[in-house]
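A quick write-up on the structure given underneath.
Residue numbers start from 1 in every chain, and the chains themselves are labelled A, B, ... in the order their sequence lines are given, proteins ahead of strands. Since we're looking at a predicted model, the values are computed, not measured.
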Amino acid sequence: MPELPEVETIKNDLLPTVVGHRFTRVDILDPEIVRQPGIAEFCHRLVGQRVEGLERRGKYLIFRLSSGAALILHLKMSGSLLFNPRQIDPYARAVFYFDDGSRLVFADPRRFGVMWLVEDVETVVGKLGPEPLAPGFTPEVLLKLLSQRRAPIKAVLCDQDLIAGIGNMYADEALFRANIHPLRRANSLCWREVKRLHSAIRQVLETAIGNKGASTDTYVRPDGQLGTAHSSFCVAHRGGEPCPVCGTPVERIALRNRGTYFCPRCQPGSPS
DNA sequence: CCCGGAACCTGAAGGC
DNA sequence: TGCCTTCAGGTTCCGG
């Protein structure tokens with residue numbers, strides 16, 4: 001599942017290969033993947049544009065174009081970007097061709113992935129909360145966000161309008177490292193817990209970026225390599241396995257229809 | 001506004 | 001072998 005570390009890795013991998021090149025052709029194989037504008041206009045306005053920059057915001061990937069417009073991609077749960085793949089991917093939804101002969105394939109088995117071509121990036125990413133790795137994201141900022149919510153802390157961490165980029169797996173990992181039960185109400189955390197959580201969020205995300213993302217499911221890097229971040233996960237996707245700290249079996253509960261993994265001994269307490 | 005649940009989608013994996 | 005259920009989960013929509 002591409003979350004912040006996976007999208008950051010894809011951005012870093014693609015940066016040297018696409019920046020400075022022009023789109024010469026775009027094939028849309030699944031019309032559902034284009035959210036805005038219509039397909040014909042999307043292709044027409046993209047072809048001929050040079051990529052001036054590549055950025056990440058939350059889980060969104062943003063291609064800055066020479067016209068001033070931007071191509072924005074969201075991989076959702078199962079999307080991947082493949083650069084010059086050897087074989088045709090059976091789940092290819094769109095193919096971009098560049099002026100140096102290279103091509104970029106947007107593949108997505110579950111068909112949730114989407115793209116926009118917009119003049120103003122803010123119309124797509126405008127409601128996102130702060131970047132958790134930006135200097136301005138301090139423990140004080142986190143405390144303020146959490147103090148306004150009484151939903152379970154796990155659900156709040158995954159809310160993109162509050163903090164951008166954290167998804168199911170990294171929320172579980174951050175809460176484990178901070179020794180906080182996922183069902184605790186967000187506004188019940190004390191200052192020490194907020195500081196621990198702030199530090200845990202940054203550690204978990206930075207470590208995962210260093211490991212080039214987590215290949216738990218369909219995620220691959222543009223060159224086809226897998227990320228290795230999942231091998232150092234403590235609880236995420238590890239139901240029944242022993243906690244690496246105390247040996248207690250990792251528990252799995254459902255929260256908002258999402259698997260939530262935690263250690264009942266290292267993350268004690270329940271709601272309230 | 002806040003919160004929780006369902007829906008969208010499809011393949012893998014496990015049970016019987 | 002084959003059918004059925006569960007799991008995976010980012011985002012959006014809807015009802016309370």
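Across the protein-nucleic acid pair, A:L128 atom CG and C:dG10 atom P stand 14 Å apart, rounded to whole Å. One atom, CD of A:Q36, and another, P of C:dT11, lie 17 Å apart when rounded to the nearest Å. In this structure, CZ of A:R238 is placed 17 Å from C1' of C:dC7, rounded to the nearest angstrom.
Between A:Y60 and A:W116, the ring-plane angle classifies as tilted under the 30° and 60° cut-offs.
Salt bridge present: A:D13 and A:R221 bring a charged side-chain N and a carboxylate O closer than 4.0 Å. A salt bridge links A:E41 with A:R45: the closest approach of a Lys/Arg side-chain nitrogen to an acidic carboxylate oxygen falls below 4.0 angstrom.
At a threshold of 4.0 angstrom between heavy atoms, the contacts of A:N168 are confined to the sugar-phosphate backbone, with no base atom among them.
A heavy-atom distance below 4.0 Å to DNA chain B is reached by these residues of residues 105-114 of chain A, ordered by number: A:P109, A:R110, A:R111, A:F112.
Between A:R149 and B:dC3 there is a side-chain polar atom (N or O) within less than 4.0 angstrom of OP1 or OP2. Residue A:Q160 has a polar side-chain atom (N or O) positioned under 4.0 Å from OP1 or OP2 of C:dT11.
Considering only the side chain of A:Y91, B:dG11 comes nearest among B:dG4, C:dT12, B:dG11. The side chain of A:R35 sits closest to C:dT12 out of B:dG4, C:dT12, B:dG5. Distances were taken from every side-chain heavy atom of A:R150 (C-beta onward) to each of C:dT12, B:dC3, C:dC7; the shortest belongs to B:dC3.
Looking only at atom types and distance, the side chain of A:E3 has no donor-acceptor partner in the side chain of A:Y219 under 3.5 Å away.
When each of A:L255 and A:R93 is assigned the nucleotide of DNA chain B with its nearest heavy atom, A:L255 is the one assigned upstream, toward the 5' end.
When A:V121, A:V124, A:L71, A:L54 are each tested for a side-chain contact (heavy atoms from CB on, under 4.5 Å) with A:I62, only one passes: A:V121.
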